Novice: 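I have a structure here, written as structure tokens, and I will follow up with some questions on it.
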There are 2 protein chains.
Amino acid sequence: MKIDPDSPADLSAQIAGAIRDAIVDGTLIVDERLPSEAELAEHFNVSRPTVREALKRLAAQSLIRTQRGATGGAFVNRLSFEAAYPQQITTSTLLLSMNAVKFETACEARYALERACAPLSAERRTPDHLATMRAEIHRQGQPGLTDEAFCASDVAFHRALVDGACNPVLSYQLAGAVEAMQPLMNMITFTARSRSRIVEIHTAIADALEEHHGLKTQEALSSLEQETQALATSVFEAKARAASE
Amino acid sequence: MKIDPDSPADLSAQIAGAIRDAIVDGTLIVDERLPSEAELAEHFNVSRPTVREALKRLAAQSLIRTQRGATGGAFVNRLSFEAAYPQQITTSTLLLSMNAVKFETACEARYALERACAPLSAERRTPDHLATMRAEIHRQGQPGLTDEAFCASDVAFHRALVDGACNPVLSYQLAGAVEAMQPLMNMITFTARSRSRIVEIHTAIADALEEHHGLKTQEALSSLEQETQALATSVFEAKARAASE
DNA sequence: GTTTTCTAATTGTCTGGCATTTGAAAGGCA
DNA sequence: TGCCTTTCAAATGCCAGACAATTAGAAAAC
């Protein structure tokens with residue numbers, strides 16, 4: 001692990017990179033303790049604050065955790081799917097909002113990916129997954145639900161669908177696509193009629209999964225995509241009209 | 001933006017969180033300049049090193065960039081898909097290796113997601129995408145190619161397939177699934193026969209995309225999945241036998 | 001043998017300072 | 001006036017040293 005003090009990059013970034021590489025290529029293994037900040041400072045020939053900045057960079061990516069006290073120090077984290085979720089969702093959300101991704105594009109990606117989960121979910125979904133979906137459907141039918149709460153419930157429903165595939169890699173990759181849509185969905189005001197239509201399709205999805213019917217699930221998802229796209233189009237057109245008046 | 005000095009969490013983590021929230025909810029907009037480190041230190045009632053640690057955390061997530069000099073400072077980054085790719089790939093790779101995800105599980109997720117792209121890619125792929133795929137197929141047929149180079153070419157081929165959908169959200173989400181598989185694939189030694197079989201299926205995929213045939217593309221991808229799974233199984237079994245002797 | 005106290009190690013934070021970079025203003029020159 | 005050079009000030013990058021807070025283990029007291 002060497003760094004170049006004449007490089008244009010920050011020393012702390014170089015040090016963070018060196019340690020990250022060591023973690024990725026297996027030189028540093030999970031739960032291994034890194035040298036203390038003072039030792040790292042000596043090793044890299046920099047000051048302790050610089051080492052600390054490097055360690056904070058790694059901590060921000062959940063690659064390490066720190067612990068105070070006599071036997072404390074920085075330890076290589078076992079990067080869990082649970083820990084990676086929020087990061088993934090924050091990044092995806094910002095990508096959508098900062099790059100002005102069209103609702104249409106994000107929606108298309110989301111439903112394409114969900115359809116990919118459908119056959120697996122139809123095969124493996126547990127009664128728990130079904131129960132979650134039914135509960136969310138019930139909630140979505142409640143009158144007086146705010147649009148935001150409706151969207152949140154929608155996300156929970158789709159999360160259950162994806163988790164039904166019992167493949168953590170899929171769940172992780174999908175988390176970004178599904179959750180990041182929520183801010184976009186929140187721009188939509190749902191009429192009672194569109195809500196009931198969505199609840200209807202959600203019911204069809206749950207039914208299809210219950211009878212282990214992957215194809216039917218995919219078809220229902222496609223209907224839901226069309227419905228969502230149409231709804232978004234009409235809402236955005238109405239807003240555009242209102243703005244131009 | 002307030003922080004609680006009595007919280008168990010690090011001050012730098014709290015400050016980073018406060019600024020991150022401001023970026024996510026739009027209080028801070030792209031390319032906006034944050035207050036200087038000294039001003040932030042005063043605002044949060046902490047010292048400059050603490051502020052710096054917070055800023056490094058944000059920089060590690062590409063949320064801000066810093067610039068030295070008279071008009072320098074920390075600026076909110078426009079998080080681009082390109083910048084998010086490496087992060088996504090590093091995280092996905094570590095998730096697979098650290099959680100001992102089975103080859104089978106990762107492979108299943110990857111091909112499920114790729115099949116999701118197939119119909120869109122069949123519809124929208126440009127001649128450029130096709131040319132990339134054909135070029136990689138050609139490379140894969142070259143004798144004397146190392147297993148690693150073969151895998152890298154395989155990844156490039158599949159990247160082109162995914163990019164063919166012309167949906168940046170899909171490309172981003174898939175990058176993790178496709179690239180993170182590479183270390184797992186590198187554990188496989190490809191015989192000449194298995195290589196030619198893979199090249200054959202790749203050709204079928206390219207052909208199907210060329211004639212805008214989504215279903216055929218999906219079917220070819222399913223064959224490829226089966227082929228890959230079978231190959232992996234035999235390789236791992238051989239290794240297990242060799243180890244037990 | 002158990003509880004309490006002490007101690008050493010380590011991270012968390014602060015103060016103060018210097019080095020480096022960089023844009024912009026001030027000044028000089030044609 | 002217009003262009004070039006110099007100077008300056010603001011900001012980040014980095015360092016040295018110190019103290020506070022936390023924690024586990026060792027030592028001491030009971």
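Model, not experiment: these values are computed from the prediction. We name chains A, B, ... by the order of the sequence lines, and we start the count at 1 in each one.
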Novice: Looking only at side-chain atoms of Ser36(A), point me to the closest of dC14(C), dG23(C), dT11(C).
Specialist: dT11(C)
Novice: Using whole Å, what does the distance between atom C1' of nucleotide dG17(D) and atom CD of Glu42(A) come to?
Specialist: 16 Å
Novice: Out of dC15(D), dC14(C), dG13(D), which nucleotide sits closest to the side chain of Val46(A)?
Specialist: dC15(D)
Novice: Taking the side chain of Ala70(A) as heavy atoms from C-beta outward, which of dT10(C), dG13(D), dT23(D) is closest to it?
Specialist: dT23(D)
Novice: Can you measure Glu37(B) atom CD to dT21(C) atom P for me and round it to whole angstrom units?
Specialist: 16 Å
Novice: Quick check for you: among dT11(C), dT12(D), dG23(C), whose closest atom lies nearest to any side-chain atom of Arg52(B)?
Specialist: dT12(D)
Novice: To the nearest Å, how far apart are Arg68(B) CZ and dA19(C) P?
Specialist: 13 Å
Novice: Could you pull out the closest heavy-atom pair between Ser12(A) and Thr50(A), with the gap in Å?
Specialist: CB-O, 3.7 Å
Novice: Please give, in whole Å, the distance from dC14(D) C1' to Phe44(A) CZ?
Specialist: 16 Å
Novice: Classify the nucleic acid contact of Arg65(A) as base, sugar-phosphate or nothing, counting any heavy atom under 4.0 Å across all strands shown.
Specialist: nothing
Novice: Please give, in whole Å, the distance from dT12(D) P to Leu34(B) CG?
Specialist: 10 Å
Novice: Work out which heavy atom in Ala160(A) is nearest to a heavy atom in Thr132(A); give both atom names and the distance.
Specialist: CB-CG2, 3.9 Å
Novice: Consider side chain to side chain donor-acceptor pair (under 3.5 Å). Of Gln140(B), His158(B), Gln142(B), Arg139(B), which one does Ser153(B) pass it with?
Specialist: Gln140(B)
Novice: How close or far is atom C1' of dG12(C) from atom CG of Leu55(A), stated in whole angstroms?
Specialist: 12 Å
Novice: Could you check Gln67(A) against Pro49(A) and say which one's nearest nucleotide on DNA chain C is further toward the 5' end?
Specialist: Gln67(A)
Novice: Among dG23(C), dT21(C), dG12(C), which nucleotide has an atom closest to any side-chain atom of Arg48(A)?
Specialist: dG12(C)
Novice: Taking the nucleotide of DNA chain D with the closest heavy atom to each, which residue, Thr71(A) or Ser47(A), is nearer the 5' end?
Specialist: Ser47(A)
Novice: Whole Å only: how far is the CG atom of Leu11(B) from the P atom of dT22(D)?
Specialist: 12 Å
Novice: So does Thr50(A) get a side-chain nitrogen or oxygen closer than 4.0 Å to the phosphate oxygens (OP1/OP2) of dC15(D)?
Specialist: yes
Novice: Can you find a side-chain donor-acceptor pair between Ser62(B) and Asn77(B) that sits under 3.5 Å?
Specialist: no
Novice: Return the value, rounded to whole Å, for the distance between atom CZ of Arg33(A) and atom C1' of dT11(C).
Specialist: 10 Å
Novice: Tell me whether the rings of Phe236(B) and Phe103(B) are parallel (<30°), tilted (30 to 60°) or perpendicular (>60°).
Specialist: perpendicular
